[in-house]
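All remarks here apply to the structure that follows.
Just so you know, ligand 1 is whichever comes first in the structure, and atom 1 is the first atom listed for that ligand. All residue numbers in this chain count up from 1 along the given sequence.
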Amino acid sequence: MNVNDSEVILAVLDKGGYAQTENIEEADTILINTCSIRDNAEQRIWGRLDQFQVYRKQKDNLVVGIVGCMAERLKNKLLDSHKVDLVAGPDSYRSIGNLLEDIKPDKPKINVMLSHEETYADITPVRLDKKGVSAFISIMRGCNNVCTYCVVPFTRGTERSRDPYSIVNEAKNLWERGYKEVSLLGQNVDSYHWKKDGENIDFADLLEMVAQIDPDLRVRYSTSHPKDISDKLIYTMAKYDNICKHIHLPVQSGSDNMLKKMRRRYDVAWYMERVNKIKEVMPECSLTTDIIAGFCGESEEDHQGTLKVMSDVAYDFAYMFQYSERPGTLAARHYKDDISPEVKGRRLSEIIALQSELSLKNNKADIGKIFRVLVEGKSKKDENALCGRASNNKMCVFIDNLHKAGDYVDVRVIDCSSATLICERI
Ligand code: 5AD
Ligand code: SF4
């Protein structure tokens with residue numbers, strides 16, 4: 001999501017006559033795109049801001065700006081810190097050019113207005129991935145779910161879906177420019193909905209429209225919400241070979257108590273029913289997840305529930321976090337952050353250890369299978385090897401000096417680690 005926001009900002013600045021530089025010492029303007037989802041993300045940004053003060057001392061007219069979620073959440077604190085000249089929230093990127101022009105010494109500029117409509121539909125992002133193989137397309141913004149731990153609805157505002165035709169055009173344009181893969185992005189893609197002039201397009205319809213651009217254009221998406229993922233979507237995925245067989249389905253916890261407190265609006269039985277449906281329709285589909293350890297009041301039994309759901313689903317990969325209280329959220333207002341850092345840390349370690357076992361076991365089960373890999377480039381560890389992902393999103397590495405980024409190559413898995421499939425070309 002953040003990469004795509006940066007690409008939109010670059011497009012706005014490009015139009016305003018700004019040029020990008022790889023060398024920070026050369027820059028007249030430094031913009032930092034920020035995330036507020038966990039406290040450590042914000043702490044890192046404060047650290048970066050301190051570093052940039054050195055450049056500010058060296059260059060009188062250097063402009064330093066904070067854009068994105070942290071700008072939205074901490075506007076006053078940022079301005080009071082005297083470390084920034086610009087504060088722009090996630091819905092005000094169009095105005096960044098004008099704001100930059102008006103900045104005067106000691107007169108920072110700010111725009112943190114959230115919008116009910118802004119989707120940046122008409123802005124063609126400047127792609128940051130220089131390999132030209134894979135691109136992100138934002139299909140919606142904001143979120144209406146208000147999970148109690150989550151700051152996103154406060155920083156990114158209410159949910160709005162982007163015009164499907166602008167999405168398809170963007171994907172077509174990328175395909176014509178040689179891109180081979182697009183990832184459709186939204187906080188909760190299953191609630192994508194476009195209604196206009198009698199037309200009613202949901203996420204499954206949109207996915208199908210993008211998949212039909214060309215059978216060799218791979219389509220991925222993220223993120224699904226377990227309460228909303230529909231049979232129609234699962235069947236649409238199954239129908240098209242070029243829709244990648246991977247679903248990121250954040251479970252967050254394997255305890256009904258915790259899920260209720262998190263306001264996720266499903267229970268473990270519902271989640272498992274959805275997982276079983278996916279496995280029944282697409283046995284080869286990989287499943288990944290997000291997990292939070294140590295949410296408010298989490299008992300040892302709740303934690304065991306999380307380990308159990310992980311084993312039952314047998315995820316291929318997981319993003320795993322300790323609960324981090326975010327000011328202003330429902331959880332911060334109503335529940336005590338009462339699990340000690342030691343217990344949170346221990347539970348997270350157990351979750352990480354289990355996931356690494358599951359990933360290794362799943363990868364071992366892939367040995368002997370044949371996958372079609374979209375080459376991303378040379379392997380970092382071996383000059384003579386290429387790397388790329390299979391449809392199920394697993395990273396494959398294989399010796400090859402014939403192909404290049406953007407090629408499809410069929411490979412057989414011969415060995416693995418918990419993170420990578422070692423393959424041979426067939
Ligand atoms: N603490 C820890 N993890 C969080 N996430 C969201 N908010 C928090 C929080 N306050 C995690 C969730 C979400 C992912 C993007 O970040 O697992 O799915
Ligand atoms: Fe946050 Fe929940 Fe929305 Fe995801 S669905 S962005 S966790 S509020």
Report the nearest protein non-hydrogen atom to atom 3 (Fe) of ligand 2: residue, atom name, distance rounded to 0.1 Å.
-> Cys143 SG, 2.3 Å
Output yes when Asp85 and Lys109 qualify as a salt bridge under the 4.0 Å nitrogen-oxygen rule, no when they do not.
-> no
Which protein non-hydrogen atom lies closest to atom 2 (Fe) of ligand 2, naming both residue and atom, and how far is it?
-> Cys147 SG, 2.3 Å
What one should report as the nearest heavy-atom pair of Tyr408 and Lys180 is OH-O, 3.5 Å
I would like to know whether Arg264 and Trp270 meet side-chain contact (heavy atoms from CB on, under 4.5 Å); could you show each step before the answer?
-> CA-CA 11 Å; Arg264 290 290 289 174; Trp270 170 277; over 6 Å; no
Arg156 bridged to Asp5 by N-O distance under 4.0 Å = yes
Does the gap between the ring centers of His248 and Tyr319 come in under 6.0 Å?
-> yes
Ligand 1 to Gln252, heavy atom cutoff 4.0 Å, flagged ligand atoms 12 (C), 13 (C), 17 (O), 18 (O)
Ion pair present between Lys344 and Asp338, side-chain N to carboxylate O less than 4.0 angstrom?
-> no
Going by an N to O cut-off under 4.0 Å, is there a salt bridge joining Lys261 and Glu298?
-> no
What protein heavy atom sits nearest atom 5 (S) of ligand 2, and how far away is it?
-> Asn145 ND2, 3.4 Å
Is there a donor-acceptor contact under 3.5 Å from the side chain of Arg160 to the main chain of Glu118?
-> yes
Residue and atom name of the nearest protein heavy atom (relative to atom 6 (S) of ligand 2), distance in Å to one decimal = Gln187 OE1, 3.5 Å
Could you tell me whether Asp50 and Lys83 make a salt bridge, using a distance below 4.0 angstrom between a side-chain N and a carboxylate O?
-> yes
When you look for heavy atoms under 4.0 Å from ligand 2, do you find them on the side chain of Asn188, its backbone, both, or neither?
-> neither
Apply the test ring-ring contact (aromatic ring centres under 6.0 Å, His included) to residues Tyr120 and Tyr93: give CA-CA distance (whole Å), side-chain angles for both, the deciding distance (0.1 Å), then the verdict.
-> CA-CA 9 Å; Tyr120 302 112; Tyr93 300 151; 5.5 Å; yes
Would you mind checking if Lys77 and Asp80 are paired as a salt bridge, meaning a charged N to carboxylate O distance below 4.0 Å?
-> no
Closest approach of any protein heavy atom to atom 7 (N) of ligand 1, naming residue and atom = Tyr149 CD1, 3.3 Å
Run the numbers for me: atoms of ligand 2, each under 4.0 Å from some heavy atom of Pro153, listed by number.
-> 8 (S)
Which one holds for Phe321 and ligand 1: side chain close, backbone close, both close, or neither close, with close meaning a heavy atom under 4.0 Å?
-> side chain
In ligand 1, which numbered atoms sit nearer than 4.0 Å to a non-hydrogen atom of Gln322?
-> 1 (N), 2 (C)
Compute the minimum heavy-atom distance from Arg156 to ligand 2 and say whether it is under 4.0 Å.
-> no
How far is atom 7 (S) of ligand 2 from its nearest protein heavy atom, and which residue and atom is that?
-> Tyr149 OH, 3.4 Å
List every atom of ligand 1 that sits less than 4.0 Å from any heavy atom of Tyr323, numbering the atoms from 1 in the order shown and giving each element.
-> 1 (N), 2 (C), 10 (N)
A student checking ligand 2 against Val146 at a 4.0 Å heavy-atom cut-off should list atoms 8 (S)
What about Asp290: any of its N or O atoms under 3.5 Å from an N or O on ligand 1?
-> yes
Residue portion contacting ligand 1 (non-hydrogen atoms closer than 4.0 Å) for Arg38 | side chain
Taking only heavy atoms of Ile37 into account, list the atoms of ligand 1 that are under 4.0 Å away from them.
-> 6 (C), 7 (N), 8 (C), 9 (C), 10 (N), 15 (C), 16 (O)
In terms of side-chain geometry, is the basic nitrogen of Glu170 or Arg127 positioned less than 4.0 Å from the acidic oxygen of its partner?
-> yes
Arg264 neighbourhood, listing ligand 2 atoms whose heavy-atom distance to it stays under 4.0 Å | 2 (Fe), 7 (S)
Among protein heavy atoms, which lies nearest atom 10 (N) of ligand 1, and at what distance?
-> Ser324 O, 2.7 Å
Shortest protein contact, atom 1 (Fe) of ligand 2 (heavy atom only) | Cys150 SG, 2.3 Å
